[in-house]
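I have placed the structure first, in the form of structure tokens, so that the comments after it can refer back to it.
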Amino acid sequence: MPQNGWVLAVVNQKGGVGKTTTAINLAAGLARAGERTLLIDADPQANATSGLGVDPRRQENDLFTLIQQRLANPQFQLSEELLVDTQRPNLYLLPASIDLAGSDILLASQIAREAILRNLIAPLRARYNWIIIDTPPSLGILTINALTAADGLIVPVQCEYYALEGLSQLLQTVDLVRQHLNPKLEIWKVVLTMYDARTRLAEQVESEVRKFFGTKVAQVVVPRNIRVSESPSFGQPVIEYDPRSRGAQAYQELVEEVRQYATSSAR
Ligand code: ADP
Ligand code: MG
């Protein structure tokens with residue numbers, strides 16, 4: 001591998017906007033395109049873990065355990081043997097568990113607690129073309145760790161009332177992280193999700209978001225699609241569950257837009 005890969009965090013402190021769906025399909029799509037990809041599940045709900053068919057209750061080396069090991073031994077670093085092979089070419093997983101809900105308390109009194117994830121994954125950056133981090137629906141310590149570890153952000157925005165509400169708080173947090181922890185952090189793509197073409201509302205939300213974020217908004221819009229909502233119960237990304245569905249096709253396009261962005265973006 002020529003250089004360090006990219007680290008992208010999928011963030012929006014609202015729940016149910018399509019973060020996990022976007023993280024899983026982006027990671028699976030990049031892996032399918034032949035890129036070595038690691039998906040990190042940093043949400044105690046562990047939906048990205050189960051969404052790849054991995055049981056979050058049976059993992060020895062989940063993120064919480066690894067954070068604990070790092071705290072116990074500052075020399076401890078993540079290595080490839082500790083990751084879960086998802087049984088898909090090029091796609092690896094660092095799983096979450098419900099224990100991760102205790103990380104606020106665990107990390108409360110730690111020095112440099114915002115950079116634990118960044119330090120933990122540092123040795124892996126040269127081994128993967130892409131590291132994609134799924135985050136919880138809050139701006140708590142796990143999300144701050146993801147923002148600190150990332151080069152770029154993918155921000156899913158659901159096409160519904162109040163879509164933009166809360167985004168200013170996210171942008172403020174991103175600014176603070178940039179000032180204090182990670183000066184190079186950049187928004188890569190804002191992604192419109194669950195677009196329902198039958199409603200005027202979706203159209204209005206799209207034009208509002210495009211007005212606000214301009215060219216940051218991905219050209220592709222992810223439609224509301226039943227196949228997307230079915231796929232997690234089969235432990236599969238939709239691009240694998242039903243590659244011809246409209247949802248899968250949209251996510252494939254997003255993968256290409258993200259790869260394109262990487263090519264055009266100077267390090
Ligand atoms: P978050 O991680 O932001 O909480 P999820 O990705 O888990 O959001 O999505 C919330 C719910 O909406 C899930 O049940 C998911 O399957 C469903 N969903 C996500 N994207 C779509 C879509 N494009 N069409 C239909 N259902 C979707
Ligand atoms: Mg989620």
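Predicted model only: the values in this text are computed from it and were never measured. For this chain, numbers begin at 1 and follow the sequence in order. Counting convention: from 1, in listed order, for ligands and their atoms alike.
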With a 4.0 Å cut-off on heavy atoms, is [X] touching ligand 1?
X	answer
Gly16	yes
Gly18	yes
Asn225	yes

Side chains of residues 71-91: which donor-acceptor partners sit under 3.5 Å, not counting sequence neighbours?
unit_1 : atom_1 : unit_2 : atom_2 : d
Asn73  : OD1    : Gln75  : N      : 2.9
Ser79  : OG     : Glu81  : OE1    : 3.1
Glu80  : OE1    : Arg36  : NH2    : 2.5
Glu80  : OE1    : Tyr128 : OH     : 3.4
Glu80  : OE2    : Arg127 : NE     : 2.7
Glu80  : OE2    : Arg127 : NH2    : 3.2
Asp85  : OD1    : Gln87  : N      : 2.9
Thr86  : OG1    : Arg88  : N      : 3.4
Thr86  : OG1    : Leu91  : O      : 2.7
Arg88  : NE     : Glu240 : OE1    : 2.7
Arg88  : NE     : Glu240 : OE2    : 3.4
Arg88  : NH1    : Leu52  : O      : 3.1
Arg88  : NH1    : Thr86  : O      : 3.1
Arg88  : NH2    : Leu52  : O      : 3.4
Arg88  : NH2    : Gly235 : O      : 3.1
Arg88  : NH2    : Glu240 : OE2    : 3.1
Asn90  : ND2    : Ala31  : O      : 3.1

Next item on the list: Considering only protein heavy atoms, determine whether one is less than 4.0 Å from atom 13 (C) of ligand 1.
Entry: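 When distances to the protein are checked, atom 13 (C) of ligand 1 has no heavy atom within 4.0 Å.
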Looking at ligand 1, does any of its N/O atoms fall within less than 3.5 Å of an N/O of [X]?
X	value
Val17	yes
Thr21	yes
Asp134	no

Quick one: side chains of residues 158-166, donor-acceptor pairs under 3.5 Å with protein atoms, not counting sequence neighbours, listed by atom name and distance.
none

Donor-acceptor pairs under 3.5 angstrom involving side-chain atoms of residues 103-117: please list them, not counting sequence neighbours.
unit_1 : atom_1 : unit_2 : atom_2 : d
Ser103 : OG     : Leu100 : O      : 2.6
Arg113 : NH1    : Ala108 : O      : 3.2

Check: Using a heavy-atom cut-off of under 4.0 Å, does the side chain or the backbone of Pro223 touch ligand 1, or both, or neither?
Finding: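 Near ligand 1, Pro223 shows its backbone, while the atoms from C-beta on stay back.
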Check: Near the Mg ion (ligand 2), meaning under 2.8 Å, how many protein N/O/S atoms are there?
Finding: 1
Item checked: Proximal atoms of ligand 1 relative to Val222 (non-hydrogen, under 4.0 Å) ->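 The list of qualifying atoms is 23 (N).
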Check: With the threshold set at 4.0 Å, does a side-chain nitrogen-carboxylate oxygen contact exist between Glu256 and Arg259?
Finding: yes
